[in-house]
Amino acid sequence: MGEPMRILDLAIEMIRRCGLEPQKDIAIEFTGIRPGEKLYEELACADEQTRPTSHPKIRVMAVSAGKRRPGTADVHDPDCGRRQ
């Protein structure tokens with residue numbers, strides 16, 4: 001995914017790429033966080049575990065059978081999607 005980028009820096013860059021001047025041609029207004037808006041994304045809950053794969057930057061969720069949602073199958077299951 002790359003390095004995180006501040007939204008302000010992204011807005012300024014987009015305005016400049018359009019040949020305009022930030023805060024002169026286009027105002028940047030700070031409105032604050034909206035109800036329900038997240039500041040960061042949780043990739044896993046605190047009680048969930050991951051396990052390594054052959055790629056050093058990829059991990060797989062290790063979900064116990066009791067926690068699986070009905071109708072889901074293991075990705076490595078050769079019959080995945082064929083069950084009725």
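All values derive from a computational prediction rather than experimental measurement.
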(message) Do Met5 and Ile12 land in one hydrophobic cluster if side-chain heavy atoms of ILVMFWY residues count as linked below 4.5 Å?
(response)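 They do not share one cluster, since no chain of ILVMFWY contacts under 4.5 Å joins Met5 to Ile12.
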(request) Identify whether Met14 and Phe30 are in the same connected component of the hydrophobic contact network (ILVMFWY, side-chain heavy atoms under 4.5 Å). (result)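 No: no chain of side-chain contacts under 4.5 Å links Met14 to Phe30.
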(message) Using every non-hydrogen atom in the two residues, find where Gly32 and Glu37 come nearest and quote the distance to one decimal.
(response)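 Scanning both residues completely, I find the closest heavy atoms to be O-OE1, 4.4 Å.
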Reported [atom1]-to-[atom2] distance for the pair [X] and [Y], which is rounded to 0.5 angstrom:
X     : Y     : atom1 : atom2 : answer
Arg16 : Glu21 : CZ    : CD    : 6.0 Å
Cys18 : Asp25 : SG    : CG    : 10.5 Å
Arg6  : Glu13 : CZ    : CD    : 13.0 Å

(message) Within the supplied structure, the quantity of interest is the number of heavy atoms (other residues, nucleotides, ligands) at a distance under 6.0 Å from Lys24 NZ; does it exceed 12?
(response)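 Not more than 12 within 6.0 Å, no.
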(message) With heavy-atom distances below 4.5 Å as the criterion, would you say the side chains of Gln23 and Ile28 are in contact?
(response)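 Yes, side chains in contact.
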